[in-house]
Chemist: 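Quick one: the structure is below, and I'll ask about it shortly.
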Amino acid sequence: MKKNVYSYSSCILETLPLRVQQSSFSSTFPGKRLGQAAWSSEGFGSHWVRSVSVDLNNDASLVIDIPDALCERDKVKFTVHTKTTLSSFQKPEFSVPRQHEEFIWLHDTIVETEEYAGLIIPPAPPKPDFEGPREKMHKLGEGESSMTKEEYAKMKQELEAEYLAVFKKTVQVHEVFLQRLSSHPIFRKDRNFQIFLEYDQDLSVRRKNAKEMFGGFFKNMVKSADEVLISGVKEVDEFFEQEKTFLLDYSSKIKDASAKAEKMTRSHKNVADDYNHISGALNSTAADNNTAFKKHLEKYAEVFEKLRKLEDRVASDQELKLTELLRYYTRDIQAAKDLLYRRARALADNENSNKALDKARLKGKDIAQAEENQKQCLQKFDKLSESGKKELTSFKARRVVAFRKNLIEMTELEIKHAKVRRLKCCVYHYMFTRQCSGSHGKPGNMREF
Amino acid sequence: MSGSCGRIPPPFPDNEDQEAESDTRVLDSDEDDDDEGEDIFTGARSNPITPTSAPDEGDIFSEEGSYIRSDVHHATNGLHPDEEELDLFTEATVELTLTNTTSQGRREIIGPTASACNTTQVPNSILKPSIVTKTTEELEEEESGDQFELNIAVTNPEKIGDGMNAYMSYKVSTQTTLPMFLNKTFSVRRRFSDFLGLYEKISAKHSLLGCIIPPPPQKSVVGMTKVKVGKEDSSSAEFVEKRRAALERYLQRVVAHPSLLQDPDVREFLERDELPRAVNTQTLSGPGLLKMINRASDAVNKMTIKMNESDNWFESKLQEVENEEQLLRRLHAAVDSLVNHRKELCSNTAVFSKSVAMLGSVEENSALSRALSQLAEVEDKMEQLHQQQAFSDFFILAELLADYIRLLGAVRCCFEQRMKVWQRLQEAQSTLQKKREAEAKLLWANKPEKLQQAKDDINEWESKVSQYERDFERVTCTVRKEVLRFEKEKARDFKQHIVKYLESLLHTQHRLVKCWEAFLPEAKAIA
């Protein structure tokens with residue numbers, strides 16, 4: 001089953017036809033629900049998860065997944081399902097509905113927790129973005145009159161697949177976020193995390209929205225200040241010096257690569273779309289034709305339709321393995337950078353406290369306070385540095401492993417698809433060059449003709 | 001299989017077996033014929049459409065045409081040795097053997113059956129000289145005893161002169177066994193206006209007979225100006241290549257037409273060293289303006305004449321042709337979009353490749369860094385493949401459709417000609433009627449001296465009417481035949497092109513597989 005899902009991972013409609021049909025997949029976008037079957041952790045989702053960030057969900061003491069999701073208008077409701085053997089939870093198994101804002105709340109509270117300053121905080125999942133398919137659906141609705149019924153049905157089907165793909169991705173990023181928390185020895189014990197998993201009432205985080213807006217604004221300002229700080233601070237530790245240089249550079253490069261990969265994937269999808277139009281136009285021409293040419297045209301239309309499907313699959317797989325990988329690590333690198341910022345701030349604090357102590361000693365007053373302050377700053381800084389080093393080292397390893405896995409998988413998929421396309425072209429080529437009246441497909445004597 | 005849908009001539013008769021083999025080689029992986037391998041899978045070096053007939057020794061039809069192409073798109077030189085191409089079919093595990101066509105020259109323009117099989121071998125410019133008579137001919141063409149062949153290639157565009165008076169001169173090479181030509185192989189240099197001049201001459205003579213005259217490639221002020229001005233960039237090279245290919249297809253269609261081939265003007269075009277400059281093809285010349293006026297009046301006539309069609313076939317056929325033209329336009333637009341998007345994909349891939357290279361250079365893990373730079377290289381190769389594929393998309397599909405949209409226009413002209421002939425007949429008939437009435441009036445008025453005159457008039461017009469009737473019959477018959485021939489050609493042409501397109505795709509996919517397979521160990525080596 002693993003192999004099956006793997007090989008045509010992007011084209012859900014083909015690999016999990018029954019499952020998708022089982023779920024109430026209504027033809028209008030609002031109110032789509034993806035059933036449990038389609039989202040079982042054994043299915044597609046977990047493979048991507050393991051590719052992006054290895055060693056998640058290995059520990060049976062706390063297993064989290066998102067088996068179900070419902071999309072209504074703009075809101076996506078995720079069903080967060082937890083299975084645990086830990087005594088800190090009330091029940092061994094439970095589910096709660098959560099929305100995107102609640103994930104963000106969880107992320108923010110963890111970021112704001114002082115104790116976690118020395119850890120890389122898993123990046124928050126990006127907001128579900130259905131803008132692309134929605135726009136296309138809109139355009140499709142407008143252009144309905146100008147195309148044939150078959151074409152319309154086909155395009156609609158494609159759009160639904162695209163929508164489904166976006167849906168899948170957003171569920172996955174949310175799932176990965178939770179799983180990174182649950183697999184981290186420190187985060188999994190976080191009280192807010194437990195509340196998030198367990199509390200079956202609404203977390204009412206919405207009143208934070210206004211605060212969030214301002215918070216976001218401040219955060220950005222602070223961030224740019226941080227950048228200045230981080231480059232300005234004199235680093236004593238070789239390890240961190242190297243990390244700083246590396247992460248800053250890497251961060252911009254991976255962001256760039258991620259954006260370019262997106263553009264490339266979109267071009268691929270456009271090409272696939274074009275094949276669809278060609279196929280449709282050929283069908284129209286065939287419908288209008290009454291001669292023997294008609295059959296030829298229909299055959300050609302079929303060829304292009306197949307080409308489209310294959311091209312589409314390539315594009316989707318590429319997106320999943322390459323583009324998503326780059327996107328995810330862009331965010332993760334940012335989280336690592338944030339750790340460096342925090343450490344840099346702690347360092348700055350440390351230096352300031354040293355200066356304050358010296359000044360206090362000079363002035364001769366408030367020395368004890370200054371000493372206490374200095375001790376605390378130093379402690380904090382040391383703790384940060386120690387855990388930071390650990391985190392960054394394991395992050396390196398994690399990244400390399402993830403890249404390796406994804407690159408291998410992508411390459412294997414590309415090879416597979418290219419081989420399939422090659423074979424299909426070969427078959428069609430054979431068909432067309434041998435297709436003559438009389439002997440049906442017999443590779444016979446050409447002299448007959 | 002000849003790469004360019006008939007534009008490559010099969011090798012000379014003494015190479016017959018070589019050629020025959022190349023057919024089996026298509027699917028019989030046992031053939032170990034490196035040279036032949038180049039024919040079908042030559043995509044690496046030159047685009048399949050180029051008239052490259054690899055095994056030929058100094059054949060006029062060989063590599064010459066491809067030199068431009070290497071500027072236009074970075075031919076993936078040396079990407080893969082030829083031997084690999086042969087594995088294409090082994091790997092795809094399709095094993096078939098088939099016997100080849102008996103004689104390379106054997107050609108019927110009969111049904112899709114024959115044409116389909118011989119698609120790979122025979123250029124569509126082969127014809128039989130026996131089809132000359134018109135009136136007594138049956139509508140179905142028969143197989144004639146002797147087969148002759150004629151192959152044409154247009155190659156070697158060269159810029160002559162400088163500045164605004166510059167022009168491109170093309171080499172037109174003919175290879176033939178037809179007796180009416182002086183030599184077996186010969187070539188001349190022609191310029192674009194010569195081709196247009198040829199069209200004018202043919203049109204003047206044959207369109208009235210109801211033949212479908214293949215239209216020449218379109219003029220393009222913008223394109224030519226760029227070339228004249230001397231901009232040596234890829235777009236002007238592309239333009240020249242596009243025009244060269246279009247001229248070649250045009251000539252091939254002309255000689256594929258049995259009666260046009262017999263025309264001395266065509267022969268002169270192919271053979272004569274120096275042609276008088278065809279000045280009346282310029283848009284702003286006297287004849288040019290006259291043509292425009294004629295066309296306008298024709299359009300008006302078309303609207304006012306309502307032909308009393310006795311034969312429904314013509315009416316429904318015309319309708320079909322018009323519909324098809326519309327649909328082909330739509331199809332052409334879709335293919336155009338494909339070409340553009342693929343070019344976009346090409347440039348995006350290039351950009352991405354550079355970005356990945358940068359990422360690789362920053363990556364601290366050395367194995368991953370190496371893998372990323374390898375990935376960048378793979379993406380670079382992909383860009384080249386996409387570029388080639390876009391090229392194929394354009395030349396194989398888009399140009400085919402553009403040609404046929406124009407050809408359908410020519411078919412419509414053909415129908416219009418028939419209408420004109422009918423109109424002439426009608427007018428003659430009404431004139432005859434008037435003469436008869438005049439005679440009756442004279443009889444009535446009893447003026448014997450004018451009577452003789454009137455009788456002479458009537459005789460004259462009677463013979464005219466009967467001649468015009470015969471003309472009309474003949475034209476009707478010709479048009480019918482032409483349309484049938486055209487439809488068969490069309491079906492065959494489309495099939496040839498789709499086959500070629502599939503080949504180009506096959507190539508691309510094959511190379512894709514190779515690229516990624518080379519990368520896989522690198523990815524696995526990341527530690």
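Chain A is the first sequence line, chain B the second, and so forth, proteins listed ahead of strands; every chain is numbered from 1.
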Chemist: Checking heavy atoms, do the side chain of B:L331, its backbone, both or neither come under 4.5 Å from chain A?
Modeler: both

Chemist: Taking all non-hydrogen atoms of both residues, which atom of A:I415 and which atom of B:V513 are closest, and how far apart?
Modeler: O-CG2, 4.2 Å

Chemist: If we define contacts as heavy-atom pairs under 4.5 Å, which of A:R266, A:R399, A:M410 has the most with chain B?
Modeler: A:R399

Chemist: Please state whether the rings of B:H386 and A:H268 are parallel, tilted or perpendicular, taking 30° and 60° as the class boundaries.
Modeler: perpendicular

Chemist: What part of B:E487 is in contact with chain A, defined as an atom under 4.5 angstrom from a non-hydrogen atom: side chain, backbone, both or neither?
Modeler: side chain

Chemist: Under the criterion side-chain contact (heavy atoms from CB on, under 4.5 Å), which of A:H417, A:E414, A:K416 is the partner of B:W516?
Modeler: A:E414

Chemist: What's the separation between atom CD1 in A:I408 and atom CD1 in B:I526, rounded to the nearest 0.5 Å?
Modeler: 6.5 Å

Chemist: Applying side-chain contact (heavy atoms from CB on, under 4.5 Å) to A:R421 and B:H510, what does each step give before you reach the verdict?
Modeler: CA-CA 9 Å; A:R421 270 195 294 194; B:H510 182 68; over 6 Å; no

Chemist: Would you say the side chain of B:K500 lies within less than 4.5 Å of the side chain of A:H429, judging by non-hydrogen atoms?
Modeler: no

Chemist: Would you say the side chain of A:L407 lies within less than 4.5 Å of the side chain of B:E522, judging by non-hydrogen atoms?
Modeler: no

Chemist: Minimum heavy-atom separation for A:H296 to B:A491, with atom names?
Modeler: ND1-CB, 4.1 Å

Chemist: Please flag which part of A:K424 lies under 4.5 Å from any non-hydrogen atom of chain B: side chain, backbone, both or neither.
Modeler: neither

Chemist: A:K299 and B:K495: side-chain contact (heavy atoms from CB on, under 4.5 Å), yes or no, with the steps?
Modeler: CA-CA 10 Å; A:K299 252 287 152 336; B:K495 178 171 277 191; over 6 Å; no

Chemist: Measure the shortest side-chain to side-chain distance between A:K263 and B:V351 over non-hydrogen atoms and say whether it is less than 4.5 angstrom.
Modeler: no

Chemist: May I ask you to name which of B:Q326, B:E363, B:H332 has the most heavy-atom pairs under 4.5 Å with chain A?
Modeler: B:E363

Chemist: Would you say that B:Y501 contacts A:F304 through its side chain, given a criterion of any heavy-atom pair below 4.5 Å between the two side chains?
Modeler: yes

Chemist: Measuring from A:I278:CD1 to B:L338:CG, what's the distance to the nearest 0.5 Å?
Modeler: 4.5 Å

Chemist: So A:L326 and B:F352, do their side chains get closer than 4.5 Å, heavy atoms only?
Modeler: yes

Chemist: Return yes when atom NZ of B:K354 has more than 12 non-hydrogen atoms of other residues, nucleotides or ligands closer than 6.0 Å, and no otherwise.
Modeler: no

Chemist: Taking side chain as everything from C-beta outward and backbone as N, CA, C, O, which of these in A:E262 sits under 4.5 Å from a heavy atom of chain B? Side chain, backbone, both or neither.
Modeler: neither

Chemist: Counting heavy-atom pairs closer than 4.5 Å to chain B, which one of A:A259, A:A261, A:A397 comes out on top?
Modeler: A:A261

Chemist: Counting N and O atoms only, with roles assigned by atom type, does the side chain of A:R404 sit under 3.5 Å from a partner on the main chain of B:K524, one being a donor and the other an acceptor?
Modeler: yes

Chemist: Check each atom of B:I498 against the heavy atoms of chain A and say whether the ones under 4.5 Å are side chain, backbone, both or neither.
Modeler: side chain

Chemist: Quick check: are there more than 12 heavy atoms from other residues, nucleotides or ligands sitting under 6.0 Å from NZ of A:K260?
Modeler: yes

Chemist: Measuring from A:T411:OG1 to B:L375:CG, what's the distance to the nearest 0.5 Å?
Modeler: 7.5 Å

Chemist: Identify which part of A:L247 has an atom lying under 4.5 Å from any heavy atom of chain B, answering side chain, backbone, both or neither.
Modeler: neither

Chemist: Can you confirm whether B:L345 sits close enough to A:M264 that some side-chain heavy atom of one is under 4.5 Å from a side-chain heavy atom of the other?
Modeler: yes

Chemist: Could you look at A:Y250 and say if it's the side chain, the backbone, both or neither that has a heavy atom under 4.5 Å from chain B?
Modeler: both

Chemist: Could you tell me whether the side chain of B:S355 reaches within less than 4.5 Å of the side chain of A:K253, counting heavy atoms only?
Modeler: no

Chemist: Quick check: do B:H507 and A:R422 have side-chain heavy atoms less than 4.5 Å from each other?
Modeler: no

Chemist: Any idea which heavy atoms bring B:E344 and A:S267 closest together, and the distance?
Modeler: OE1-OG, 3.8 Å

Chemist: Below 4.5 Å from any heavy atom of chain B, which atoms of A:Y428 appear? Answer side chain, backbone, both or neither.
Modeler: both

Chemist: I need the B:D336 CG to A:H277 NE2 distance, nearest 0.5 Å.
Modeler: 13.0 Å

Chemist: Check A:C425 against B:L502 and note the closest heavy-atom contact, atom names and distance.
Modeler: CB-O, 4.1 Å

Chemist: Using heavy-atom distances under 4.5 Å, tell me whether B:E379 contacts chain A through its side chain, its backbone, both, or neither.
Modeler: side chain

Chemist: Which atoms of B:F494 are under 4.5 Å from chain A, going by heavy atoms: the side chain, the backbone, both sets, or neither?
Modeler: both

Chemist: CG of B:L520 to CD of A:E412: how many Å apart, nearest 0.5 Å?
Modeler: 5.5 Å

Chemist: Out of curiosity, B:R329 CZ to A:T285 OG1, how far, rounded to the nearest 0.5 Å?
Modeler: 13.0 Å

